[in-house]
Structure formats: structure tokens, C-alpha cells
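Notes for the one structure printed next.
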Amino acid sequence: MSSEELKNFLNEKADQYNHSDFIENDPVQIPHRFSLQQDIEIAGFLSATISWGNRKSIIKSAEKMLDIMGNSPYDFVMNHSGKELTSIQDKSIHRTFNGEDFAYFIRQFNRIYTNHGSLEDLFKLEKPEINFYHAIERFREQFLETEKHRSHKHVSSPYKNSSAKRIIMFLRWMIRKDQRGVDFGIWNIDQKYLSIPLDVHTGNMSRKLGLISRTQNDWKTVEELDRAIRKFDDKDPAKYDFALFGLGVTKELL
């Protein structure tokens, strides 16, 4: 199909899949259980961090973390006891993200929120940046600090050419503003800088549609996809995540 036909097709599919019904089977449902911004951020970041594998399994594991935090993430982060944190460390959470990682994240959240009102402060872009390549790395430095820890592997680094899919997805949740009810749009960062979270579905569908040519899902491919989709909509490019992911999951084009 022509470039204009592809644009119209993807707009149609983004419109079809960007709907409140999407929430029911997606990890984004976890932060949707809260109204306080800090609760949304913490629940969202933790859910995004463990978002690999089966979505039902991800949601179940995220609910386990909510239960441990008494379904009050921000209150738990700021007011937990040392004993509570110690009791977490031996728990099984989700695949290689274990209780030790969860406890580490809680400690880091506590330190960050003691000094900042929102995680948004750690993701601000600087001129002349056009994506979150450097911002994610600045976030990593502040959130993880310099001390080596096994949990660092759960926060991907674009500087190491990772696609940083889970962080990119979290950023979409926090930043994108529309009236569809899936993304929160609670941060004052322009959504034109967002990228599409590159996973097996969005990557394969992007190749099938000729949007990208690179064979691996890495940061260079994220930027290749950026260049393609921003030609279709330079104000809200991440909306095409719904189209590509939805087409990939439903196997509509097979």
C-alpha cells in the first residue's frame, strides 16, 4: 500500500484498539486502580518493569506486589518498616524479578519521593533532545545510583542499545493525553517525543508493514520506527503503538 494508505490504515487501527476495553487484559489496568498520582506512578512503574511474558501472568504478579504494599503503593513506599522490607526479600514475584529486586525498588522510590513530588522530575527532556534516549539514562543514574546491584538489570539502558521497551511503555502511560481512557496523561511532557515500545508484536508488525528494516529490537530500531511513524503524526506518534500491538496480538494480517 502507498504511504498515505498505510497512514490511514494505521490511524484506523489505532482508533480501533485505543479504547477503554483495552485496559481489561493489559498491565495498564494495575495503575488504573488508583487516583493519587504517586500511586499511579509507582504501580505503573512496577507493572511496566515486570511486563515480559504472558499478560495474565504479568497482571497476577503485579497484583501480588499491590497486596504486599497493602494496595497503597505510595503510603507503603514512604512509611514501610525495616521488618516489612526484610520480609519481602525472600518472596517470589515475577520470573527473574524477585523479592530482593522489589525491596530494592521500594528503597529507591522512598529516596526519590523524599526529594521529588513525582517521577516526572527524573524524565525531563533537555534541548535539543527529540526522544527519551538521554532522559532514560539520566533517570537510571538517579534511580539506581552508582552502587552495583542485581536489580539494575531490570531498568534497561538505551546507551547499551536496549530498546528500553518497558520504560517506553511506562512513559506512554504517564504522558499521552487523549480522551480514550487508556493512557493517563498526568505528566507535563510533550507526547510528540514519545516512541513506540518495541516488543515482539510491534516489531514484527512494523517489519511486515515496511516501517522498519532492522531485524533486531534495539534502540537503533526504536529510532528507525520513530522516523517512520512521525511522518504520519508528529504530534502523537505513540498512538500507533495501539495499532501495531493490536494487529500483532490479533494476528489480523496473517
Task: Salt bridge flag under 4.0 Å for residues R33 and E63 - done: yes
Open item on the list: For the backbone of D75 and the side chain of S72, can you confirm whether one donor and one acceptor N or O come within less than 3.5 Å of each other?
Closed with: no
Task: Between CD1 on residue I167 and CD1 on residue I136, distance to nearest 0.5 Å - done: 5.0 Å
Open item on the list: Counting C-beta onward and ignoring hydrogens, is there a side-chain heavy-atom pair between Y159 and W219 closer than 4.5 Å?
Closed with: no
Task: Heavy-atom side-chain contact between R176 and D178 under 4.5 Å - done: yes
Task: Atom pair CD1/OG of I68 and S87 - distance to nearest 0.5 Å - done: 7.5 Å
Open item on the list: Could you check whether any side-chain N or O of Q29 sits under 3.5 Å from a backbone N or O of E24, counting only pairs where one atom can act as donor and the other as acceptor?
Closed with: yes
TODO: Search all heavy atoms of E41 against all heavy atoms of L119 and return the closest pair with its distance.
DONE: OE1-N, 3.0 Å
Open item on the list: I'd like to know if the side chain of R166 reaches the main chain of S47, judged simply by a donor and an acceptor atom lying under 3.5 Å from each other, with no hydrogens or angles considered.
Closed with: no
Open item on the list: Checking the side chain of N204 only, and the main-chain atoms of V200 only, is there a donor and an acceptor separated by less than 3.5 Å?
Closed with: yes
- [ ] Report yes if the side chains of N98 and S92 come closer than 4.5 Å at any heavy-atom pair, otherwise no.
- [x] no
Open item on the list: Do N217 and S163 pair up side chain to side chain, a donor and an acceptor below 3.5 Å, judged on atom types alone?
Closed with: no
- [ ] Give me the one residue out of F123, Y193, W173 that meets ring pair (Phe, Tyr, Trp, His ring centres under 6.0 Å) with W187.
- [x] F123
- [ ] Check H94 against W52 and note the closest heavy-atom contact, atom names and distance.
- [x] NE2-O, 3.2 Å
Task: Between CD1 on residue I40 and CD1 on residue I30, distance to nearest 0.5 Å - done: 13.0 Å
Task: Check against side-chain contact (heavy atoms from CB on, under 4.5 Å), L85 and R107 - done: CA-CA 9 Å; L85 214 56; R107 286 194 295 271; 3.3 Å; yes
Open item on the list: Under the criterion salt bridge (Lys or Arg N to Asp or Glu O under 4.0 Å), I'd like the reasoning laid out for E129 against R138: C-alpha separation, chi angles, the key distance, then a yes or no.
Closed with: CA-CA 13 Å; E129 294 170 3; R138 288 193 294 269; 2.9 Å; yes
- [ ] Test L244 against L10 for side-chain contact (heavy atoms from CB on, under 4.5 Å), laying out the working first.
- [x] CA-CA 8 Å; L244 296 171; L10 290 175; 4.1 Å; yes
Task: Side chain proximity check, R95 to I50, heavy atoms < 4.5 angstrom - done: no
Open item on the list: For N131 versus R230, what's the shortest heavy-atom pair and its separation?
Closed with: CB-NH2, 4.1 Å
Task: Point-to-point distance, once rounded to the nearest 0.5 Å, from NZ of K220 to CG of L198 - done: 14.5 Å
Open item on the list: With a 3.5 Å distance limit and no angle check, can you tell me whether Q108 reaches the backbone of F105 through a side-chain donor-acceptor pair?
Closed with: no
Open item on the list: A side-chain contact here means heavy atoms from C-beta on lying under 4.5 Å apart; do S51 and P27 qualify?
Closed with: yes
TODO: Check whether any side-chain N or O of H80 sits under 3.5 Å from a backbone N or O of F76 as a donor-acceptor pair, and report yes or no.
DONE: yes
Task: Between T202 and D199: side-chain donor-acceptor atoms closer than 3.5 Å - done: yes
TODO: Verify side-chain contact (heavy atoms from CB on, under 4.5 Å) between L211 and L6, making sure each step is shown before the conclusion.
DONE: CA-CA 10 Å; L211 294 168; L6 180 55; 3.8 Å; yes
Task: Residue pair K13 / A243: nearest heavy atoms and the distance that separates them - done: CB-CB, 3.7 Å
Task: Pairing of K177 and D183 as salt bridge, 4.0 angstrom limit - done: no
TODO: Answer whether the closest heavy-atom distance between the side chains of T221 and T215 falls below 4.5 Å.
DONE: no
TODO: Take V249 and F245 through the test side-chain contact (heavy atoms from CB on, under 4.5 Å) and record every step on the way to the result.
DONE: CA-CA 6 Å; V249 169; F245 183 80; 3.5 Å; yes
Open item on the list: So, taking the atom named CG in D190 and the one named CG in L125, what distance separates them when rounded to the nearest 0.5 Å?
Closed with: 9.5 Å
Open item on the list: Looking at K160 and E137, is there a salt bridge between them, counting it only when a charged N and a carboxylate O are closer than 4.0 Å?
Closed with: no
Open item on the list: Please give me the minimum heavy-atom distance between A14 and K239, naming the atom from each residue.
Closed with: CB-O, 3.6 Å
TODO: Would you please say whether a donor-acceptor pair under 3.5 Å links the side chains of Y113 and S118?
DONE: no
Task: Backbone N/O of G181 and side chain of H32: donor-acceptor pair under 3.5 Å - done: yes
- [ ] Please say which of F170, F132, F45 ends up in a ring pair (Phe, Tyr, Trp, His ring centres under 6.0 Å) with F139.
- [x] F45
Task: Minimum heavy-atom distance between V77 and N110, given as atom pair plus value - done: O-ND2, 2.9 Å
Open item on the list: More than 12 heavy atoms of other residues, nucleotides or ligands under 6.0 Å from NZ of K231: yes or no?
Closed with: no
Open item on the list: Would the distance check show the side chain of R180 and the main-chain N or O of D15 forming a donor-acceptor pair, the cut-off being under 3.5 Å?
Closed with: yes
Task: Side-chain donor or acceptor of E224 paired with backbone N/O of R214 under 3.5 Å - done: yes
TODO: Report yes if some heavy atom in the side chain of M69 is under 4.5 Å from a heavy atom in the side chain of F102; otherwise report no.
DONE: yes
Open item on the list: Are F143 and F109 an aromatic pair, judged by ring center distance below 6.0 Å?
Closed with: yes
Task: Side chain proximity check, I196 to I168, heavy atoms < 4.5 angstrom - done: no
TODO: Report yes or no: does N115 contribute a side-chain atom to a donor-acceptor pair with the main-chain N or O of R111 at less than 3.5 Å?
DONE: yes
Task: Close aromatic pair by centroid cut-off 6.0 Å: F34 and F184 - done: no
Open item on the list: I'd like to know if the side chain of Y104 pairs up with that of H154 as donor and acceptor (distance under 3.5 Å, no hydrogens or angles considered).
Closed with: no
Open item on the list: Cation-pi check for F242 against R172: NZ or CZ below 6.0 Å from the six-membered ring centre and within 45 degrees of the axis, yes or no?
Closed with: yes
Open item on the list: Salt bridge check, D234 against K192: does any charged N sit closer than 4.0 Å to a carboxylate O?
Closed with: no
Task: Single-linkage hydrophobic cluster, 4.5 Å side-chain cutoff, I130 and L194 together - done: no
Open item on the list: Rounded to the nearest 0.5 Å, what separates atom CG in L225 from atom OG in S213?
Closed with: 11.0 Å
